[in-house]
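Within every chain, numbering begins at 1; the chains are lettered A, B, ... in the order of the sequence lines, protein sequences first and strands thereafter.
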There are 2 protein chains.
Amino acid sequence: MKKKLSLSAASPRAKAEHGTSLLTAFREIRELIVHGRLSPGTWILEAELAERLNMSRTPVRGAIHWLQREGYILEHRNVKKSRMIVAPLTKEDANELYIIIGRLEGIAGRGVAVLPVAERKELCAQLQELNDRLQVISKDRDAPPGEIFENDRSFHRLIIKYGAGARMTTLHKAIEPQTERYWRLYASSIIKDLYLSVAEHDEVIRGILAGDPDRVETGLQVNWLKGSERLGHVIEIFGERGSW
Amino acid sequence: MKKKLSLSAASPRAKAEHGTSLLTAFREIRELIVHGRLSPGTWILEAELAERLNMSRTPVRGAIHWLQREGYILEHRNVKKSRMIVAPLTKEDANELYIIIGRLEGIAGRGVAVLPVAERKELCAQLQELNDRLQVISKDRDAPPGEIFENDRSFHRLIIKYGAGARMTTLHKAIEPQTERYWRLYASSIIKDLYLSVAEHDEVIRGILAGDPDRVETGLQVNWLKGSERLGHVIEIFGERGSW
DNA sequence: TCGTTTTAGAATGTATTCAAAATAGTCGAC
DNA sequence: GTCGACTATTTTGAATACATTCTAAAACGA
């Protein structure tokens with residue numbers, strides 16, 4: 001069915017630079033998953049991906065384990081062998097994911113709330129600018145979904161950058177990107193609720209300016225919780241993807 | 001310096017069972033790190049570990065990446081190559097770690113607080129039993145530290161088991177074990193404050209029985225926060241390990 | 001025709017080999 | 001004597017080769 005010989009004959013193996021294959025594989029495969037090119041629930045074949053990415057199984061294998069640890073891939077393990085599948089997208093998982101991120105960012109939120117006033121003002125200026133942009137976009141029916149997502153993401157990443165320590169930053173970088181899968185699948189429907197998120201962001205900014213850790217933490221938790229609820233409605237309507 | 005030939009000559013390579021090397025490597029190396037056999041800050045050499053564990057570099061390599069993702073190993077990366085070092089133990093890191101776990105367990109705490117009464121009672125009976133045992137141990141000067149740690153751990157893991165979803169459970173399993181490094185290093189000094197933790201656990205149990213999510217979440221957060229503070233004092237006194 | 005057993009193929013796990021890059025050490029020039 | 005460049009060794013990254021196990025299909029028997 002699949003011509004085995006094509007590999008040695010057709011692909012000269014471009015050899016990117018050396019030392020970049022693992023990272024490349026990780027990014028590429030994650031991209032495939034996020035964009036739905038690898039459907040939720042799909043079985044993952046190392047050899048197939050290796051051929052697709054034009055590299056050997058070794059870095060692909062590493063990337064798969066990495067993606068597994070970050071939640072993009074699940075392990076269906078028998079006694080010794082393990083089959084990997086693309087993690088399904090479910091309402092429960094989305095809810096859990098959003099709650100977790102809300103709590104984590106809440107911690108960073110406490111961090112920024114106790115920064116010196118000067119830094120807080122500087123940060124809030126940037127946050128405000130991002131949120132203003134979101135406000136504008138929210139009134140534009142034809143706004144590109146990608147820009148909205150990146151904008152919202154920047155808002156939250158700024159808070160991490162200013163308020164989180166090394167460990168939190170690492171953890172956040174591992175978990176937060178997973179929201180993109182849900183976002184992309186249900187993007188069009190989420191947009192119309194965008195103004196709600198803008199208001200929640202405003203509350204966070206005010207909390208930071210007031211230097212109130214509890215208010216900031218709560219504000220961020222609420223933002224993600226409400227987001228989870230909005231997303232949940234959409235998933236219920238459209239049905240879950242990845243239970244196939 | 002290091003005899004290269006010894007590998008093929010001396011080690012018959014026991015070959016555990018096949019398909020178990022990666023997991024074995026992960027566990028063994030983590031054990032080495034947790035028990036301080038690999039000191040914080042030490043450079044990690046794949047070949048050395050492979051020889052030590054009597055396997056090839058391949059599973060060792062996988063295990064190292066895994067441990068890196070879980071925070072036991074850090075990457076000291078130049079442009080392209082990456083040197084791995086055992087993660088140092090610092091006051092700041094401990095604080096961050098404990099706060100994070102507190103927030104995560106808090107979520108699970110909300111979960112158990114809304115379980116049906118029957119399950120809550122069943123759970124609380126088990127929790128109470130564990131905490132009673134801790135209470136007894138806390139009055140025993142010569143109590144084995146290992147038992148205390150395992151007992152405390154069981155308490156928290158029970159809450160996760162009953163109140164957390166799949167994603168939370170995975171995340172908790174990845175993060176919580178890292179507390180053991182701090183615990184082991186400063187165990188003797190922490191024990192004398194154990195009665196405080198027992199009281200905090202009691203508050204959690206009462207919150208669960210009352211079916212009050214906020215109370216349970218706060219209780220767990222406080223337990224970890226106070227633990228972080230207690231640990232911080234000890235670290236300050238003894239000095240940080242791993243800045244060598 | 002259905003069930004069981006055996007065998008062939010496919011996919012994962014591990015070892016080994018090969019390549020590239022960084023670091024350390026040495027030699028030479030100023 | 002010191003600084004810099006070049007070389008050699010060490011170590012990581014990737015590819016390929018090999019072993020094992022799981023799956024599934026086919027054949028044989030009831």
Side-chain angles (χ1 to χ4, degrees), chain A residues 1-29 42-68 73-86, chain B residues 1-29 42-68 73-86:
Chain A
M1 197 66 73
K2 214 185 359 169
K3 48 268 156 89
K4 275 284 173 188
L5 301 177
S6 68
L7 215 166
S8 55
S11 316
R13 186 141 300 177
K15 191 196 318 196
E17 268 198 53
H18 188 77
T20 60
S21 290
L22 176 60
L23 192 61
T24 304
F26 174 76
R27 286 186 180 147
E28 296 270 340
I29 299 174
T42 307
W43 284 18
I44 293 200
L45 297 190
E46 292 178 1
E48 182 187 303
L49 284 173
E51 189 180 2
R52 200 163 178 172
L53 300 181
N54 215 39
M55 53 181 70
S56 82
R57 269 179 54 216
T58 309
V60 170
R61 190 175 175 68
I64 286 175
H65 279 124
W66 192 353
L67 288 161
Q68 181 202 348
I73 288 175
L74 297 182
E75 196 175 18
H76 209 55
R77 73 171 318 148
N78 297 345
V79 190
K80 309 197 166 174
K81 271 300 204 325
S82 75
R83 302 299 298 260
M84 304 292 209
I85 63 168
V86 179
Chain B
M1 199 64 75
K2 210 177 14 161
K3 49 273 152 91
K4 276 285 176 189
L5 301 177
S6 70
L7 216 167
S8 56
S11 315
R13 185 139 300 174
K15 192 198 317 195
E17 270 198 48
H18 188 77
T20 59
S21 288
L22 176 60
L23 192 61
T24 303
F26 173 77
R27 287 186 181 147
E28 296 270 340
I29 298 174
T42 307
W43 284 19
I44 294 201
L45 297 191
E46 292 177 1
E48 182 187 302
L49 284 173
E51 189 180 1
R52 199 164 179 171
L53 301 181
N54 215 38
M55 54 181 67
S56 82
R57 270 179 53 215
T58 309
V60 169
R61 191 175 174 67
I64 287 176
H65 279 125
W66 192 353
L67 288 162
Q68 181 200 348
I73 288 175
L74 297 183
E75 197 173 18
H76 209 55
R77 67 172 322 147
N78 297 345
V79 191
K80 306 198 167 176
K81 268 304 198 331
S82 72
R83 302 297 297 257
M84 304 293 210
I85 63 169
V86 179

Novice: Using atom CD1 of I44(B) as one end and atom P of dG13(D) as the other, report the distance to the nearest whole Å.
Specialist: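 These atoms are roughly 12 Å apart.
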
Novice: Are any non-hydrogen side-chain atoms of M84(A) and H76(A) less than 4.5 angstrom apart?
Specialist: no

Novice: Can you tell me how far P of dA14(D) sits from CG of L53(A), to the nearest Å?
Specialist: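 It works out to 13 Å between those atoms.
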
Novice: Does R52(A) have any side chain to side chain contact (heavy atoms under 4.5 Å, CB included) partners at least two apart in sequence or in another chain, and if so, which?
Specialist: L32(A), R37(A), L38(A), E48(A)

Novice: Below 4.0 angstrom from OP1 or OP2 of dT16(C), is there any side-chain N or O of T58(B)?
Specialist: no

Novice: Within this structure, what is the CD-to-C1' distance between E48(A) and dT12(C), rounded to whole angstrom?
Specialist: 15 Å

Novice: Going by the rule side chain to side chain contact (heavy atoms under 4.5 Å, CB included), which residues pair with L74(A) if we only count those two or more places apart in sequence or in a different chain?
Specialist: I85(A), A87(A), P88(A)

Novice: Rounded to whole Å, please give me the gap between CZ in R61(B) and P in dA15(D).
Specialist: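 Rounded to the whole Å, the gap is 12 Å.
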
Novice: Grab the NE2-P distance between H76(A) and dT12(C) for me, whole Å please.
Specialist: 14 Å

Novice: Choose from dA15(D), dT12(D), dG13(C) the nucleotide whose nearest atom is closest to any side-chain atom of E46(B).
Specialist: dT12(D)

Novice: How about L53(A) and T24(A): do any of their side-chain heavy atoms sit closer than 4.5 Å?
Specialist: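 Sidechains of T24(A) and L53(A): no contact.
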
Novice: Round to the nearest Å and state the distance from R83(B) atom CZ to dG13(D) atom P.
Specialist: 10 Å

Novice: Does dG13(C) have its OP1 or OP2 closer than 4.0 Å to a side-chain nitrogen or oxygen of S21(B)?
Specialist: no

Novice: Would you kindly give the CZ-to-P distance between R57(A) and dA15(C), to the nearest whole Å?
Specialist: 14 Å

Novice: I want to verify a distance call: between dA15(C), dA14(D), dT11(D), whose nearest atom is closest to the P59(B) side chain?
Specialist: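 Closest nucleotide to the P59(B) side chain: dA15(C).
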
Novice: Using whole Å, report how far CG of N54(A) lies from P of dA14(D).
Specialist: 14 Å

